[in-house]
There are 2 protein chains.
Amino acid sequence: MIEKLIRKIRETKAPIVVGLDPMLSYVPEYITKAAYEQYGETLEGAAEAIWQFNKAIVDATYDLIPAVKPQIAMYEQFGVEGVRAYQKTVEYCHEKDLVVIGDVKRGDIGSTSAAYATGHLGKVQVGSKCYSCFDEDFATVNPYLGSDGVQPFIDVCKEEKKGIFVLVKTSNPSSGEFQDRLIDGRPLYEHVGEKVAQWGEQLMGENYSYIGAVVGATYPEEGKVLRRLMPKSFILVPGYGAQGGKGADLVHYFDEDGLGAIVNSSRGIIAAYRQEAYAKYGEEHFAEASRAAVEAMIADIDGALQAAN
Amino acid sequence: MIEKLIRKIRETKAPIVVGLDPMLSYVPEYITKAAYEQYGETLEGAAEAIWQFNKAIVDATYDLIPAVKPQIAMYEQFGVEGVRAYQKTVEYCHEKDLVVIGDVKRGDIGSTSAAYATGHLGKVQVGSKCYSCFDEDFATVNPYLGSDGVQPFIDVCKEEKKGIFVLVKTSNPSSGEFQDRLIDGRPLYEHVGEKVAQWGEQLMGENYSYIGAVVGATYPEEGKVLRRLMPKSFILVPGYGAQGGKGADLVHYFDEDGLGAIVNSSRGIIAAYRQEAYAKYGEEHFAEASRAAVEAMIADIDGALQAAN
């Protein structure tokens with residue numbers, strides 16, 4: 001799957017990923033209205049609204065981008081119906097041949113991590129039958145529990161030729177509270193990054209490992225160090241746009257070939273129509289605003305990479 | 001909710017929690033057979049089987065115990081249908097007046113953590129309506145992202161009078177890989193424990209905070225230190241039984257009043273009928289075997305606490 005991701009990045013010339021993190025407040029009123037007319041102001045209605053919202057954005061952007069990253073929390077908040085909308089979104093993105101990174105940040109111990117890995121990346125056995133459930137191509141994983149929390153994901157990735165991105169240095173303001181604390185003179189995130197590089201040796205693609213890392217766009221200096229520490233790991237970079245990261249900050253997350261990183265924007269793309277820059281599209285044409293925001297993001301990152309080389 | 005937990009621990013004299021972590025391999029064949037006859041060897045069939053399994057165990061044990069801890073990974077592996085069985089299990093346990101600790105180990109940043117908190121502990125707004133979705137009483141939370149990943153859970157807990165247990169020192173063999181690393185001369189888990197104590201000050205019950213900690217039964221020395229570091233935090237203790245923890249190891253997780261900790265056993269209770277000690281019950285009477293295992297666990301812990309005082 002890392003090879004597919006790289007191929008699609010090359011084809012689209014866009015090392016970006018659109019974060020499908022639909023808040024109900026982002027969804028244009030005409031969509032929620034239609035959904036509530038059909039299902040009432042229910043969890044089903046909310047799920048229908050976010051699904052229709054996602055579908056329009058995917059339809060308007062899929063030819064420009066290699067990958068999407070649905071954030072499962074935004075679906076889980078609507079319970080079982082929301083989780084169903086998540087699954088539907090993943091399926092639809094597969095139909096559009098997009099690489100799907102499930103932002104699930106799971107992580108547990110032994111057989112429990114194995115169950116998460118099975119549900120999200122693998123196949124579950126029911127009697128004589130086998131089923132892929134959520135079937136993302138990649139999942140994000142939390143490293144706090146150590147190797148035996150991560151290994152079950154790697155084992156499933158080996159079987160399925162899928163991958164994970166392990167949280168190393170997250171984009172939020174208080175990520176440093178534990179991640180920056182010094183251990184033997186170096187911050188915890190470097191120790192985690194080294195482990196990611198080690199874990200990745202088990203499952204190499206041609207040039208990059210199937211085991212990648214999450215490093216926030218909001219910490220470019222840390223990104224520079226981590227790029228060197230994990231030379232074979234793809235870096236998933238959240239925090240671009242709405243959280244403050246800019247293309248020029250991100251050049252050191254990439255290798256010289258323009259690969260090695262994939263930058264996520266969520267709100268900045270899916271709620272673009274609410275920004276002044278894209279207000280002219282209006283609520284009716286929110287998906288076209290998202291397309292324009294994708295084009296601007298690609299140009300920003302491409303420009304930064306060109307300028308750096 | 002911490003008050004209800006304490007009241008129920010006092011009533012049952014059992015500071016224990018039954019981990020509802022159903023693997024299909026634990027479910028007696030007559031249950032899976034009936035489920036597959038009704039739904040086929042499908043995800044629905046698997047979900048029905050684990051639900052029937054759970055229900056029988058809850059029916060056989062609810063009067064002995066204060067709380068259950070369903071592990072959502074075991075349900076999520078069966079996709080949307082599995083998640084529905086999780087929800088049904090939570091609801092049923094509420095009907096039986098059990099405190100429900102959702103072992104979800106969620107944790108993300110800002111609005112994303114808020115969405116998880118909303119879905120699991122809070123209420124989500126849909127138009128003019130409000131819904132509780134998964135509606136657990138407590139949830140487990142991963143601290144790797146720092147305060148702004150945890151605070152949204154605390155905010156929802158304040159509104160709902162619910163609680164969380166933050167992962168501090170987990171029970172698995174490689175938990176030390178990051179958690180034991182020394183920062184300013186003290187292991188990371190102590191720093192996390194101190195934060196838990198601080199976070200907990202925001203939301204105190206009568207004697208204990210609504211913000212608790214997870215400390216594995218497999219690390220009793222660490223548990224002793226953490227008990228002192230977090231004097232007002234309830235400790236959720238996984239790793240008893242199948243993972244190796246024994247009652248005698250656990251006395252220091254408790255305060256002198258016999259409160260302050262709640263010990264979880266999953267496999268040791270729900271799959272008791274597969275142990276030699278309970279083999280006489282046979283598959284048909286698996287739930288009675290679970291009841292006997294609960295009684296033995298209560299006696300073990302009570303004996304250890306008596307001996308220590």
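Residue numbers begin at 1 in each chain, while the letters A, B, ... track the order of the sequences.
Taking Gln179(B), Lys129(B), Met23(B) one by one and counting their heavy-atom pairs under 4.5 Å with chain A, the maximum is reached by Gln179(B). Looking only at heavy-atom pairs under 4.5 Å with chain B, the residue among Gly79(A), Gly40(A), Ser171(A) that has the most is Gly79(A). Counting heavy-atom pairs closer than 4.5 Å to chain B, the top residue among Thr170(A), Ile183(A), Val83(A) is Ile183(A). Between chain B and the options Lys195(A), Gln71(A), Glu41(A), heavy-atom pairs under 4.5 Å are most frequent for Glu41(A). Per-residue heavy-atom pair counts under 4.5 Å with chain A were compared for Gly119(B), Ala49(B), Ser132(B), Gly122(B), and the maximum is reached by Gly119(B). Ranking Gln87(B), Arg106(B), Met74(B) against chain A, the residue ahead of the rest is Arg106(B), based on heavy-atom pairs under 4.5 Å. Residue with the most contacts toward chain B among Ile72(A), Asp135(A), Leu167(A): Leu167(A) (heavy-atom pairs, distance under 4.5 Å). Contact count versus chain B (heavy atoms, under 4.5 Å) is highest, among Ser128(A), Gly45(A), Gly110(A), for Ser128(A). Each of Thr32(B), Leu24(B), Asp108(B), Asp103(B) has some count of heavy-atom pairs under 4.5 Å with chain A, and the biggest count is that of Asp108(B).
Contact of Asp148(B) with chain A is made through backbone and side chain together, with heavy-atom distances under 4.5 Å. Contact annotation for Val104(A): only backbone heavy atoms (N, CA, C, O) come within less than 4.5 Å of a heavy atom of chain B. When heavy atoms are compared at a cutoff of 4.5 Å, Lys123(B) does not approach chain A at all. Both the backbone and the side chain of Pro143(B) come within less than 4.5 Å of a heavy atom in chain A. In this structure, chain A has no heavy atom under 4.5 Å from any part of Thr140(B). Residue Phe78(B) touches chain A through both its backbone and its side chain, counting heavy-atom pairs closer than 4.5 Å. The part of Glu177(B) that comes within reach of chain A is its side chain, from C-beta onward, which places non-hydrogen atoms under 4.5 angstrom from that chain. Of the two parts of Thr42(B), the backbone and the side chain both hold a non-hydrogen atom closer than 4.5 Å to a non-hydrogen atom of chain A. For Gln125(B), the part lying near chain A is the backbone, with the side chain staying farther off; criterion is any non-hydrogen pair under 4.5 Å. Residue Phe134(B) touches chain A through its side chain alone, counting heavy-atom pairs closer than 4.5 Å.
Across Ser147(A) and Ser174(B), no two heavy atoms sit closer than the pair N-OG, 3.4 Å. Residue Ala115(A) comes nearest to Ala73(B) through the heavy atom pair CB-O, 3.5 Å, listed as atom of the first residue, atom of the second, then distance.
Side chain of Tyr144(A) to backbone of Val168(B): a donor-acceptor contact under 3.5 angstrom is found. Asn172(B) places a side-chain N or O within donor-acceptor distance of the main-chain N or O of Leu145(A), the cut-off being under 3.5 Å. Looking only at distances, no side-chain donor or acceptor of Gln77(B) sits under 3.5 Å from a matching main-chain atom of Thr118(A).
In this structure, the side chains of Leu43(B) and Val124(A) come closer than 4.5 Å at one or more pairs of heavy atoms. In this structure the side chain of Arg84(B) reaches within 4.5 angstrom of the side chain of Arg84(A), judged on heavy atoms. Residues Glu81(B) and Tyr131(A) are not in side-chain contact: their nearest non-hydrogen atoms beyond the backbone lie 4.5 Å or more apart. At least one side-chain heavy atom of Arg181(B) sits less than 4.5 Å from a side-chain heavy atom of His191(A). Thr112(A) places none of its side-chain heavy atoms less than 4.5 Å from the side chain of Lys105(B).
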Checking Asp184(B) against Leu182(A) for the side chain to side chain contact (heavy atoms under 4.5 Å, CB included) test, could you report, in this order, the C-alpha distance in whole Å, the side-chain angles of both residues, the deciding distance, and whether it holds?
CA-CA 8 Å; Asp184(B) 294 340; Leu182(A) 296 182; over 6 Å; no
Assess the residue pair Val126(B) and Tyr36(A) against the criterion (side chain to side chain contact (heavy atoms under 4.5 Å, CB included)); give the C-alpha distance rounded to whole Å, side-chain angles, the decisive distance to 0.1 Å, and a yes or no.
CA-CA 9 Å; Val126(B) 180; Tyr36(A) 297 163; 3.5 Å; yes
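Taking OG of Ser111(B) as the reference point, atom CG of Asp21(A) lies at 7.5 Å (rounded to 0.5 Å).
The neighbour count for Arg267(A) CZ, taken as heavy atoms of other residues, nucleotides or ligands under 6.0 Å away, does not exceed 12.
Under 3.5 Å, the side chains of Glu76(A) and His120(B) contain a donor-acceptor pair of N or O atoms.
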